[in-house]
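Predicted model, so just to flag it, every value in this text is computed and none were measured.
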Amino acid sequence: LVDPWSVSRIELLLGPGSVLHGSDAMGGVIQVITKSPAVPGGSRSFVDPSAGVRFFQASDGVSLHYDLSAGAGPVAAMVSGSWKRFGDLVDGSGEPQPHTGYSGGDGAVKIAWAPASGKLLTLSWMRFDIIDAGRADQLVAKDRLRWYDDLHDLLILKASSDASDVLSWEILLSWQRGEERVRELRLDDGWDTWHREDWSLTTVDTIGATAASHLLFLGGVLKLSMGLEYSIDLVDSDASTRASPAEALVPAEPQLPPGSTFGTLGAFALLGYHQKGVGLPGLHAHAGARLSWFSARAPSHGDAGRVEYDDVSPVGTAGIQYVLGHVLSLSLQYLGGFRAPGLSQTVLAGFTGTVWEEPNPDLGPERSHTIEQAVKLDIGSLSLRASGFASFVTGFIVREATGAEVDGAPVFRSENTGWALVYGWNLSTRIELMAGMYLRTAASFTRGDSWTHGLKEPVSRIPPIFALAALAFRSDAL
């Protein structure tokens, strides 16, 4: 839920990155870096206002934005705000999709202070709201409509230092509150009336702390990166229901029990060897590991007992690269990734409206093991990039029926079931045809298959092949 107006740049890491980034970094990492005020330093100062408006034809939407940055000497600050409204989406035939419109607002305040060269302290507050967002994906199949209000606050205090030639570090403290309000109507035939209305409010406070450092040895040939991370989710929830508009709302059992917690603790270390000198042939190598601990607790509620879940997940990475000046680069690396069971998969227990959820204390993380190889070649007017990968994924978390019933409701339980193999390659070239004119080509192929209970099926949402060619002209004289 990042305000598009606030984005400074987006960094993309292909392949698993769980050693540095922890759980969920199984296939890659997307880091969205938001705008921050730049400390001018010395006796310099600045004031930088900006505003913008965007219109969206597909949903008859509009978005307004304003921000103001200012700084003097070692201090800078930024204030920003956005408002957006989207109507119902319109499909290809021109028909509106009902209950798909919503409105929202975003705001941010950031303050930066540089007490000395290479040292920086920043305090950031960000707010993201989505109001009255409708979901009609279950309207046809289950005669149900939902509306969501999502409210998020994020507060971050960060201290960093890179003043030393051999040591840099950063410490980050954060608090985030996510509040989701959901209204669901179960409609009668014809969708003109309803026979049940459900309301739920779930609030999750997340408190986090991160410390990381980078040490250089042997004149920068060796680099050791280390980090320690901790976070805990604190859940509060409420629910109510009624069977007709004439009745009053009565308390109901929330899906996430109030008082539930989900904590994570992780430590990582990564050692890298980097050849010094520009244009020199040599080897580069790295190896690292992470150990993560997860703990979930939920109190007894309704007919469901207390939930206690703990898991420890190790993951590692290693790679080697040979570089021959600016001409050739060959690399081979192993990347480990994992996705730990989330809050709802660990603490959800008891009757949830249609089924009975049974917790699984033995539920483990999903894991990926990936081998990647890459070649870069630059000779004269030709530049070639080629890479390939194979990823073996195990421990799929699947919600399955156990075959049992509780008070007539089927019992479901999350299990580690199935595995998958995904592999592919990428190839791109750039050829300078004449001064300032280039021919660029690119092609990629990806295929994935999964096996669950012996049944093989393609991994969904993977385009098997993609290719393009482009002619570009560039002149520094223009």
Exercise for the section: Measure from the side-chain N and O atoms of Y273 to the backbone N and O of I320, and report whether any donor-acceptor pair falls under 3.5 Å. Expected result: no
Problem - Minimum-distance pair of heavy atoms, taken over all atoms of S329 and V323 - result: OG-CG2, 4.3 Å
Handout entry: Pair S168-H214, side-chain donor/acceptor within less than 3.5 Å
Key = no
Exercise for the section: For T346 and G342, indicate whether the former's side chain and the latter's backbone hold a donor-acceptor pair under 3.5 Å. Expected result: yes
Practice task
Starting from the C-alpha separation in whole Å, work towards a yes-or-no answer on salt bridge (Lys or Arg N to Asp or Glu O under 4.0 Å) for E400 and R413.
Solution key: CA-CA 5 Å; E400 296 186 327; R413 177 185 173 104; over 6 Å; no
Exercise for the section: Could you check K223, M226, H286 and say which one makes a side chain to side chain contact (heavy atoms under 4.5 Å, CB included) with L270? Expected result: H286
Problem - Centroid separation F389 to Y423 less than 6.0 Å - result: no
Handout entry: Test side chain to side chain donor-acceptor pair (under 3.5 Å) applied to S368 and S391, step by step
Key = CA-CA 6 Å; S368 64; S391 185; 4.8 Å; no
Problem - Minimum side-chain heavy-atom gap W419-F396 below 4.5 Å - result: no
Handout entry: Taking every non-hydrogen atom, the tightest pair across A51 and Y66
Key = CB-CD1, 3.8 Å
Problem - Flag, side chain of R297 to backbone of Y309, donor-acceptor distance under 3.5 Å - result: yes
Problem - Beyond-backbone contact of H21 with L13, side-chain heavy atoms, under 4.5 angstrom - result: yes
Handout entry: S6 (side chain) donor-acceptor with T34 (main chain) under 3.5 angstrom
Key = no
Practice task
Compare all side-chain heavy atoms of L427 with those of L384 and state whether any distance is below 4.5 angstrom.
Solution key: yes
Practice task
Compare all side-chain heavy atoms of I131 with those of L151 and state whether any distance is below 4.5 angstrom.
Solution key: yes
Practice task
Could you give me the CA-CA distance, side-chain angles and deciding distance for D311 and S313, then say whether side chain to side chain donor-acceptor pair (under 3.5 Å) is met?
Solution key: CA-CA 7 Å; D311 184 73; S313 295; 2.8 Å; yes
Exercise for the section: May I have the step-by-step check of side chain to side chain donor-acceptor pair (under 3.5 Å) for T429 and T441, ending in yes or no? Expected result: CA-CA 5 Å; T429 63; T441 64; 2.3 Å; yes
Practice task
Would you mind reporting whether T210 and I171 have side-chain heavy atoms less than 4.5 Å apart?
Solution key: no
Fill in the blank from the handout: Scanning both residues in full, the closest heavy-atom pair of W451 with L421 reads CZ3-N, 4.1 Å
Exercise for the section: Provide the closest heavy-atom pair for P37 versus A112 in the form atom of the first, atom of the second, distance. Expected result: O-CB, 4.3 Å
Handout entry: Side chain Q373, main chain G388, donor-acceptor under 3.5 Å
Key = yes
Problem - Test item: side-chain donor near acceptor, H152 and D150, under 3.5 Å - result: no
Practice task
Begin with the C-alpha distance, continue with both residues' side-chain angles, and end with the deciding distance and a verdict on side-chain contact (heavy atoms from CB on, under 4.5 Å) for V166 and L215.
Solution key: CA-CA 6 Å; V166 297; L215 288 167; 5.7 Å; no
Handout entry: Side-chain donor or acceptor of R177 paired with backbone N/O of T203 under 3.5 Å
Key = no
Exercise for the section: Identify the heavy atoms of V75 and P40 that sit nearest to each other, and give their distance. Expected result: O-CD, 3.9 Å
Handout entry: Residues E229 and R290 bridged, charged N to O under 4.0 Å
Key = yes
Handout entry: Backbone of S444 reached by a side-chain donor or acceptor of N426 within 3.5 Å
Key = no
Completion exercise
Closest non-hydrogen contact found for I156 with S174 is CG1-CB, 4.2 Å
Completion exercise
Rounding to 0.5 Å, atoms CG (L363) and OG (S414) come to a distance of 6.0 Å
Practice task
Might you confirm whether atom CH2 of W113 has over 12 heavy atoms from other residues, nucleotides or ligands at distances under 6.0 Å?
Solution key: no
Practice task
Go through the steps to decide whether L328 and I379 satisfy the test side-chain contact (heavy atoms from CB on, under 4.5 Å), and finish with yes or no.
Solution key: CA-CA 9 Å; L328 179 65; I379 300 178; over 6 Å; no
Fill in the blank from the handout: Rounding to 0.5 Å, atoms CD1 (I397) and OG1 (T417) come to a distance of 10.0 Å
Handout entry: Donor-acceptor contact below 3.5 Å, side chain K110 vs main chain M126
Key = no
Exercise for the section: Would you please test E11 and R9 for salt bridge (Lys or Arg N to Asp or Glu O under 4.0 Å) and show each step? Expected result: CA-CA 7 Å; E11 297 179 353; R9 67 182 189 273; 3.2 Å; yes
Practice task
Mark yes or no for whether S237, through its side chain, and L201, through its backbone, hold a donor-acceptor pair below 3.5 Å.
Solution key: no
Fill in the blank from the handout: Partner of S295 under side-chain hydrogen bond (donor to acceptor under 3.5 Å, both in side chains), picked from T264, T261, D310, is D310
Exercise for the section: Salt-bridge test for D449 and R447: reply yes if a basic N is under 4.0 Å from a carboxylate O, no otherwise. Expected result: yes
Problem - D153 with R127: basic N within carboxylate O range, under 4.0 Å - result: yes
Handout entry: Donor-acceptor contact below 3.5 Å, side chain S18 vs main chain F338
Key = yes
Practice task
Using a 4.5 Å cut-off on heavy atoms from C-beta on, say whether the side chain of L224 contacts that of F217.
Solution key: yes
Problem - L172 vs L157 side-chain heavy atoms within contact, under 4.5 Å - result: no
Exercise for the section: Could you walk me through whether W5 and D106 pass the side chain to side chain donor-acceptor pair (under 3.5 Å) test, one step at a time? Expected result: CA-CA 9 Å; W5 289 102; D106 307 281; over 6 Å; no
Exercise for the section: Apply the test side-chain contact (heavy atoms from CB on, under 4.5 Å) to residues L265 and L228: give CA-CA distance (whole Å), side-chain angles for both, the deciding distance (0.1 Å), then the verdict. Expected result: CA-CA 8 Å; L265 177 64; L228 185 65; 4.2 Å; yes
Exercise for the section: Report yes if the side chains of M437 and E432 come closer than 4.5 Å at any heavy-atom pair, otherwise no. Expected result: no
Practice task
Measure centre to centre between the rings of F412 and W356, then say whether the value is under 6.0 Å.
Solution key: no
Problem - Crowding at CG, L455 (>12 non-hydrogen neighbours, <6.0 Å) - result: yes
Handout entry: Interatomic distance, R306 atom CZ to S300 atom OG [nearest 0.5 angstrom]
Key = 7.5 Å
